[in-house]
Asker: 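To start, I am sharing the structure in question, which I have written as structure tokens.
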Amino acid sequence: MKLPIFIFVASAVSGVIADFWLVYLNYNKLGGPLIAGPNYAEGGAFLKSPELNNCNVNIGPYNIWGNTDDVSGDKTGMRTVPGKTVPPPMYRDPLDIVEFNTGNQKPGHHTIYKDRNYTMVDVNGKVTGQCVLDRAYLVNLNCPWDDTTVKLIGSSMFYCVSDIELD
């Protein structure tokens with residue numbers, strides 16, 4: 001089976017207002033270099049369902065917003081506070097602040113705050129959704145892809161009820 005790199009069918013259809021799951025994923029095309037790009041990615045991804053339980057999911061490293069310490073301005077990715085790395089499949093815990101910036105792509109720049117009962121706000125302070133911490137869904141897949149294997153490991157972080165749009 002192939003895992004198309006540029007398509008992400010499990011996410012919302014382009015421009016659709018949707019509730020979503022924010023999950024943490026590690027994508028590793030075995031045998032490839034451990035650098036961001038077509039062979040490796042680690043960070044946040046937006047899903048309509050957190051249950052990645054088979055290799056028919058169209059996911060690739062370009063759909064994962066990588067870990068970074070700074071997502072201000074035009075810097076894209078996902079920032080977690082306190083940013084503590086823990087063993088897979090959780091990778092990040094606790095999740096006191098999760099900030100993501102997808103640049104010109106949707107959903108844009110938003111932050112989820114634990115001390116605000118996991119309310120999600122945009123850069124102007126406008127409430128854009130309400131999230132629930134949910135680490136219950138785990139991902140551990142080895143999917144054949146051409147002459148190698150793609151390994152997906154991760155877990156759900158939040159379920160968010162929102163009126164923001166996803167690409």
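Values below: every heavy atom of this structure, side chains too, minus hydrogens, waters and symmetry copies. Numbers for residues simply follow the sequence, beginning at 1.
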Asker: Do Thr111 and Ile97 have side chains that get closer than 4.5 Å, going by heavy atoms?
Answerer: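 When only atoms from C-beta onward are counted, Ile97 and Thr111 do touch, with a gap below 4.5 Å.
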
Asker: Give a yes or no on this: more than 12 heavy atoms of other residues, nucleotides or ligands lie within 6.0 Å of atom CG of Asp69.
Answerer: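 No, the 6.0 Å shell around CG holds no more than 12 heavy atoms from other groups.
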
Asker: Testing Val132, Leu133, Val98 one by one against Tyr118 for a side-chain contact (heavy atoms from CB on, under 4.5 Å), which residue passes?
Answerer: Leu133

Asker: Nearest 0.5 Å please: distance from the CG atom of Leu95 over to the CG atom of Asp93.
Answerer: 5.5 Å

Asker: Do Ser156 side-chain atoms and Tyr137 backbone N/O form a donor-acceptor pair below 3.5 Å?
Answerer: yes

Asker: For Lys151 and Asn140: C-alpha separation, side-chain torsions, deciding distance, then whether side-chain contact (heavy atoms from CB on, under 4.5 Å) applies.
Answerer: CA-CA 7 Å; Lys151 185 154 187 71; Asn140 190 355; 3.1 Å; yes

Asker: Shortest non-hydrogen contact from Val121 to Tyr113?
Answerer: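 Shortest heavy-atom contact: CG2-CE1, 3.5 Å.
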
Asker: Rounded to the nearest 0.5 Å, how far apart are CG of Asn117 and CD1 of Ile112?
Answerer: 12.0 Å

Asker: Any donor and acceptor pair, going by atom type alone, linking the side chain of Lys48 with main-chain N or O of Trp21 inside 3.5 Å?
Answerer: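 No: the side chain of Lys48 does not pair with the backbone of Trp21.
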
Asker: Checking the side chain of Glu165 only, and the main-chain atoms of Gly108 only, is there a donor and an acceptor separated by less than 3.5 Å?
Answerer: no

Asker: Would you tell me whether Tyr24 and Asn67 have side-chain atoms, one donor and one acceptor, within less than 3.5 Å of each other?
Answerer: yes

Asker: Which heavy atom in Ser155 sits nearest to a heavy atom in Leu138, and how many Å separate them?
Answerer: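 Taking every non-hydrogen atom into account, CB-CD2, 3.7 Å.
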
Asker: Got a second to check how far Ile64's CD1 is from Leu152's CG, nearest 0.5 Å?
Answerer: 6.5 Å

Asker: Should we say atom CG of Asp74 is surrounded by more than 12 heavy atoms from elsewhere, each under 6.0 Å from it?
Answerer: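 No.
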
Asker: Kindly give the heavy-atom pair with the smallest separation between Met78 and Gly43, and that separation in Å.
Answerer: CE-C, 4.1 Å

Asker: Assigning hydrophobic clusters by single linkage (Ile, Leu, Val, Met, Phe, Trp, Tyr; side-chain heavy-atom cutoff under 4.5 Å), is Val127 placed with Leu22?
Answerer: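 Unlinked, Val127 and Leu22 end up in two clusters.
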
Asker: Can Trp65 be reached from Val71 by stepping across I, L, V, M, F, W or Y side chains whose heavy atoms are under 4.5 Å apart?
Answerer: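 Different hydrophobic clusters.
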
Asker: Donor-acceptor pair, Asn101 side chain versus Lys75 backbone, under 3.5 Å?
Answerer: yes

Asker: Please give me the minimum heavy-atom distance between Ser162 and Thr128, naming the atom from each residue.
Answerer: OG-O, 2.6 Å

Asker: Once disulfide (SG to SG under 2.5 Å) is applied, what residue pairs with a partner in residues 81-136 remain, sequence neighbours excluded?
Answerer: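 Those involving residues 81-136 are Cys131-Cys160.
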
Asker: Can a donor-acceptor pair be found, under 3.5 Å and without considering hydrogens, that links the side chain of Asn124 to the backbone of Lys126?
Answerer: no

Asker: What distance separates Tyr159 OH from Gln130 CD, expressed to the nearest 0.5 Å?
Answerer: 12.0 Å

Asker: Would you say His110 and Glu99 make side-chain contact, with heavy atoms under 4.5 Å?
Answerer: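 Side-chain contact under 4.5 Å: no.
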
Asker: Name the atoms and distances for all side-chain donor-acceptor pairs under 3.5 Å in residues 80-91, with sequence neighbours left out.
Answerer:
unit_1, atom_1, unit_2, atom_2, d
Thr80, OG1, Arg92, NE, 3.4
Thr85, OG1, Arg92, NH1, 3.0

Asker: Provide the closest heavy-atom pair for Ile164 versus Pro107 in the form atom of the first, atom of the second, distance.
Answerer: CD1-CB, 3.4 Å

